[in-house]
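A short worksheet on the structure shown next.
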Amino acid sequence: MQFEVFTLLPEVFPSYLDTSILKRARERGLIDVRLHNIREYTHDRHHTMDDMPYGGGGGMVLKPEPVFEAIESVLGGAADSSACPIILLTPQGRVFNQSIAAELSQLPRIALLCGRYEGIDERIRRHLITDEISIGDYVLTGGELPALILIDAITRLLPDVLGDPTGAEDDSHAMGLLEYPHYTRPPDFRGWMVPNVLLSGDHGKIEKWRREQALERTYLKRPDMLEKVDLSESDRDFLQKLRSETKGH
Ligand code: ADE
């Protein structure tokens, strides 16, 4: 999968992209992250990227010309077709989640535009951008961290990226529930024991315990998620039991 990243700060990306799973995915050709410095598409002596807002007010606005030129010259014909979405990272976008990550992971190529300054010229949004994504209801100084977050969440869903083929399937959110707790050796750490069921070797029991732990955690920490998930008969019974137990606490 190819990521085309348009940014004023390409230097913030390499340290993260050169680490761990993303590094390996890049080395193995599973992803290709291309960084494009929008500043290189300015033509005046001072490489002017921003200008004062029409109508007054504080802050500077990202100019349209270098952004259009950068994206059109990199994407060519793909810039005006649906072949490659052009995604603006902005607090005004749809809020990123696991299902958006899964949707984007199906595409061969996506473009990410990182905003900076007070805002971007509205004509970029209207006539160039095809999608807007926010990583949450707070405001950052720019879209670079959000772009890295998208790249990370999408990459780990691609085939062959994670060593364990079931790695992404059991994740928190992947199955619509928070993940069950994990333990490794030692079995006794400072008197805190690994639950017996995990040492039992009984895979049926372990599966059941994990499912119930995932349900319980989701019920306690993110009850909103339970409204969207497919629950089996036994899931429902378990939740009913939990509800009656926690009532009055
Ligand atoms: N740029 C600034 N804040 C942002 C956010 N919350 N999500 C995406 N892009 C942003």
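Numbering of residues begins at 1 and proceeds along the displayed sequence. One-based numbering, in listed order, for ligands and for the atoms of each.
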*Hey, are Arg211 and Asp235 close enough for a salt bridge, meaning a charged N less than 4.0 Å from a carboxylate O?*
yes

*For residues Pro181 and Trp209, determine if any side-chain heavy atom of one lies less than 4.5 Å from a side-chain heavy atom of the other.*
yes

*Looking at Glu132 and Arg94, does any basic side-chain N land under 4.0 Å from a carboxylate oxygen?*
no

_Residue-level breakdown please: for Pro146 versus ligand 1, do any non-hydrogen atoms fall below 4.0 Å on the side chain, on the backbone, on both, or on neither?_
side chain

*Could you check Ile110, Leu150, Leu104, Leu17 and say which one makes a side-chain contact (heavy atoms from CB on, under 4.5 Å) with Phe3?*
Ile110

*Check whether any heavy atom of Cys114 sits under 4.0 Å from an atom of ligand 1.*
no

_ligand 1 N/O within reach of Thr90 N/O, cut-off under 3.5 Å_ = yes

*Identify the closest protein heavy atom to atom 3 (N) of ligand 1: which residue and atom is it, and at what distance?*
Leu140 N, 3.0 Å

_atom 6 (N) of ligand 1 [closest protein heavy-atom partner, distance rounded to 0.1 Å]_ = Tyr138 O, 2.8 Å

*With atoms numbered from 1 as shown, which atoms in ligand 1 lie under 4.0 angstrom from a non-hydrogen atom of Leu89?*
8 (C), 9 (N)

*For ligand 1, which atoms have a heavy atom of Gly136 less than 4.0 angstrom away?*
6 (N)

*Quick check: does Ile135 get an N/O under 3.5 Å from an N/O on ligand 1?*
yes

*Find out whether Arg222 and Leu178 are in side-chain contact, i.e. whether some heavy atom of one side chain is under 4.5 Å from a heavy atom of the other.*
yes

*Does the distance from a Lys or Arg side-chain N to an Asp or Glu carboxylate O, for Arg24 and Glu27, drop under 4.0 Å?*
no

*Would you mind listing which atoms of ligand 1 come within a distance below 4.0 Å of any non-hydrogen atom of Ile133?*
8 (C)

*Quick one: look up the protein heavy atom nearest atom 10 (C) of ligand 1 and list residue, atom name and how far away it is.*
Pro91 CD, 3.6 Å

_Counting only heavy atoms, tell me which of Gly142, Ala147, Gly115 gets closest to atom 1 (N) of ligand 1._
Gly142

_So if I apply the side-chain contact (heavy atoms from CB on, under 4.5 Å) rule between Leu89 and each of Leu112, Val5, Ile149, Leu113, which one comes out positive?_
Leu112

*Does a salt bridge link Arg210 with Glu179, judged by any charged N lying under 4.0 Å from a carboxylate O?*
no

*Contact (N/O only, under 3.5 Å) between Val139 and ligand 1*: no

